[in-house]
Amino acid sequence: MTKDEISDILENIARLLELKGENPFKIRAYTNGARALDTLTEDFDKIVARDGLGEVEGIGKALVEKITTLARTGKLEYYEELREQFPPDIFTLFDVPGLGAKKIKALYDQLGVHSLTNLERVCRDGQVAALPGFGAKTAENILKGLEQLKKSAGQFRLGDISGLAESLLDDLRSHPRVSLVQVAGSYRRKKPIVRDLDFIVSTRHPKIVLEDFVGHHLVDSVLAHGDTKASVILKNGIQCDIRVVKSEEYPFAVVYFTGSKEHNVRLRSRALERGWSLNEYRFSLAEGRELKEPIPEVYTEADVYRALGLAFVEPELREDRGEIAAAEAGELPQLIEWQNLRGTFHCHTHASDGRASLEEMAHAAEDLGLQYLGIADHSKSSVQANGLDEKRLLEQVARIRELNQTFDGFRIFAGTECDIRKDGSLDFSDEILAQLDYVVVSVHAAFSLSEVEMTDRIIKAISNPYVTMMGHLTGRLLLTREPYKVNVPAIIEAAAATGTIIELNANPRRLDMDWQWWPLAKEKGVRCSINPDAHSTAGLQDLIFGVGSARKGWLTRNDVINTLPLGQIEQELARKRK
DNA sequence: GCCGTTTTCGGCCCGACTGTTTTCAGTCG
């Protein structure tokens with residue numbers, strides 16, 4: 001059984017224990033165990049093979065045994081026994097906003113509710129309202145939650161809501177009663193998928209600000225509206241929370257609501273070591289603790305970190321992936337910034353499935369302040385995308401060479417997004433590839449190979465000396481298509497061994513390779529190229545999402561080849577061929 | 001169930017809002 005499957009089972013155990021009303025800390029131990037598995041960077045199978053699970057923080061003796069049993073046999077008696085006590089689809093009820101374990105248990109015990117369908121029925125026919133501890137409002141809210149669940153499944157791509165988030169941010173910023181405002185949460189941490197938007201506002205007029213916010217023209221419905229916070233659903237279906245604080249509380253609230261939860265837990269325990277309690281408002285004396293150091297003055301977010309003996313941690317890094325230790329040691333990376341980009345690769349034109357001409361794409365890139373643009377139209381196997389054959393490709397190369405004569409301080413690099421065929425061979429011969437400035441290779445068909453076959457296929461492709469970089473490594477389309485099965489660490493190893501660059505596809509539907517893998521790639525010495533996979537001039541602006549993911553993956557400008565200026569980038573592209 | 005320079009027992013983050021209650025439980029983040 002794989003690591004991900006086992007992690008899901010630990011989550012399920014936690015929920016079943018919740019339904020049984022078990023000790024909350026025991027429940028948390030299972031949740032923590034699942035998370036510990038999710039964040040492993042070393043090969044899970046290898047850890048199991050060498051009995052190394054016990055060294056992982058959050059996995060103790062009992063979990064080692066259960067995880068090992070699952071990994072080796074695919075079964076766990078303890079889990080089976082728990083599962084038998086509840087109907088199999090009871091897990092779906094946890095997805096309904098407003099429903100937790102206690103209510104689900106009451107609904108199940110007293111009304112036999114075990115699925116979304118019969119939950120809806122008992123809400124409508126008045127049975128829920130009649131239960132002790134429930135009422136008409138609760139029934140109504142559950143129905144609303146069911147509606148919300150059907151509508152959006154509650155998840156949004158970062159790129160799809162950034163326009164909305166920035167416009168709300170602008171409106172709050174220009175509100176006459178608002179002094180400071182920050183968008184926090186997973187949006188600020190640049191997670192590829194976000195569930196909601198969080199705004200933190202400092203003001204002396206909380207009532208007015210909250211009233212104006214819930215009345216904003218983008219708001220569809222109001223979930224909660226109190227003295228210091230409000231929750232609304234926006235017209236596109238995303239939930240949006242706003243917290244209003246005093247200016248002296250603002251830095252604490254921003255830290256707290258930027259998260260992640262795990263990062264915050266680390267910060268709080270550091271505070272406790274000093275005898276302070278940390279919450280979303282302030283440092284205070286921790287009850288029953290000895291005050292080791294006086295509580296310092298805090299005016300900014302950086303002050304909060306400084307007080308805890310830490311360098312400022314960029315929001316993208318706040319995922320409890322070693323950033324606290326690095327901040328303590330003063331070893332946090334200087335993360336790449338948008339302004340560091342000097343050019344980009346993997347862009348399409350109307351020769352294949354893009355919408356703009358070579359000239360239009362080049363001008364758009366120049367307007368963004370870039371010095372070069374790498375074209376990579378599809379190759380002949382991608383018939384659906386009007387892929388280029390050898391003749392059309394070489395014509396395009398000639399056209400690019402001509403165009404380059406007309407530029408001053410700007411250059412187009414001629415390339416291709418060459419299909420990796422099912423057997424790992426490429427769509428063009430080495431003789432053709434040798435005439436290009438660079439080559440991206442990607443998988444566009446035969447997604448359903450086994451993990452071993454897919455991994456071998458890709459490694460064979462990137463072993464070709466003319467292949468400069470690997471495009472969208474897992475083929476995922478966020479919220480639409482699962483990644484194909486591939487052994488990412490093995491590809492990273494192969495990329496390191498062959499000197500192949502791995503693309504960070506900046507298209508917000510892809511963001512592939514995922515941020516979680518970049519620290520490993522960096523450690524192995526694999527370099528990154530942030531590419532927009534642009535199919536129009538506007539698509540070039542997706543680079544900003546790529547920069548966000550690169551930052552989240554701890555990358556600096558030195559890790560990303562397209563921060564190199566014209567004059568140096570050519571050598572980087574030629575390096576592998578030599 | 002996990003963890004440990006307060007170390008093998010006894011902690012484990014905590015505040016806001018809602019709805020159902022007459023002082024609090026459940027949920028959420």
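The figures that follow rest on heavy atoms only: side chains count, while hydrogens, waters and symmetry mates do not. Every chain is numbered from 1 and lettered A, B, ... according to where its sequence line falls, protein lines coming before strand lines.
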Atom [atom1] of [X] to atom [atom2] of [N]: distance rounded to whole Å?
X         : N       : atom1 : atom2 : value
Ile59(A)  : dC3(B)  : CD1   : P     : 9 Å
Leu10(A)  : dG1(B)  : CG    : P     : 12 Å
Leu76(A)  : dG1(B)  : CG    : P     : 11 Å
Tyr30(A)  : dC12(B) : OH    : P     : 22 Å
Glu262(A) : dC2(B)  : CD    : P     : 18 Å
Phe252(A) : dC14(B) : CZ    : P     : 15 Å
Ile242(A) : dA16(B) : CD1   : P     : 16 Å
Leu63(A)  : dC3(B)  : CG    : C1'   : 13 Å

Could you work out which one of dC2(B), dA16(B), dG15(B) sits closest to the side chain of Arg243(A)? dA16(B)
Proximity to the side chain of Ala62(A) - top-ranked nucleotide from dC13(B), dC3(B), dC2(B): dC2(B)
Spacing of the [atom1] atoms in [M] and [N] (rounded, Å):
N       : M       : atom1 : answer
dG26(B) : dT20(B) : C1'   : 10 Å
dG15(B) : dT21(B) : P     : 26 Å
dG4(B)  : dT8(B)  : C1'   : 9 Å
dT18(B) : dG11(B) : C1'   : 30 Å
dT23(B) : dC17(B) : P     : 23 Å
dC13(B) : dC28(B) : C1'   : 14 Å

Using a cut-off of less than 4.0 Å, is there contact between a side-chain N or O of Tyr281(A) and OP1 or OP2 of dA16(B)? yes
Closest-nucleotide mapping onto DNA chain B: is Leu210(A) or Lys26(A) further toward the 5' terminus? I mean the 5' end. Lys26(A)
For Arg268(A) and for Ala224(A), locate the closest nucleotide of DNA chain B by heavy-atom distance; then report the residue assigned to the nucleotide nearer the 5' terminus. Arg268(A)
In chain order, what residues pass the ring-ring contact (aromatic ring centres under 6.0 Å, His included) check against Phe134(A), with sequence neighbours excluded? none
By the 4.0 Å heavy-atom rule, please label [X] as base, sugar-phosphate, or nothing.
X         : value
Asn23(A)  : base
Leu278(A) : nothing
Lys66(A)  : sugar-phosphate

So, [X] side chain and [Y] main chain: donor-acceptor pair closer than 3.5 Å or not?
X         : Y         : answer
Thr556(A) : Gln334(A) : no
Thr69(A)  : Glu65(A)  : yes
Ser174(A) : Asp171(A) : yes

Complementary nucleotide of dC2(B), counting Watson-Crick and G-U pairs under 3.5 Å: dG11(B)
Report yes or no: do Thr474(A) and Asp512(A) form a side-chain donor-acceptor pair below 3.5 Å? yes
Between Phe312(A) and Tyr305(A), how do the two ring planes meet: parallel, tilted or perpendicular, split at 30° and 60°? perpendicular
Side-chain heavy-atom pair Val219(A), Leu234(A) within 4.5 angstrom cut-off: yes
With the sugar-phosphate defined as primed atoms, P, OP1 and OP2, and the base as all remaining atoms, what B/S/- string results for nucleotides 19-29 of chain B, 5' to 3', for protein heavy atoms under 4.0 Å? SSS----SSSB
Lys246(A) charged N/C atom sitting above Tyr250(A) aromatic ring, 6.0 Å / 45°: no
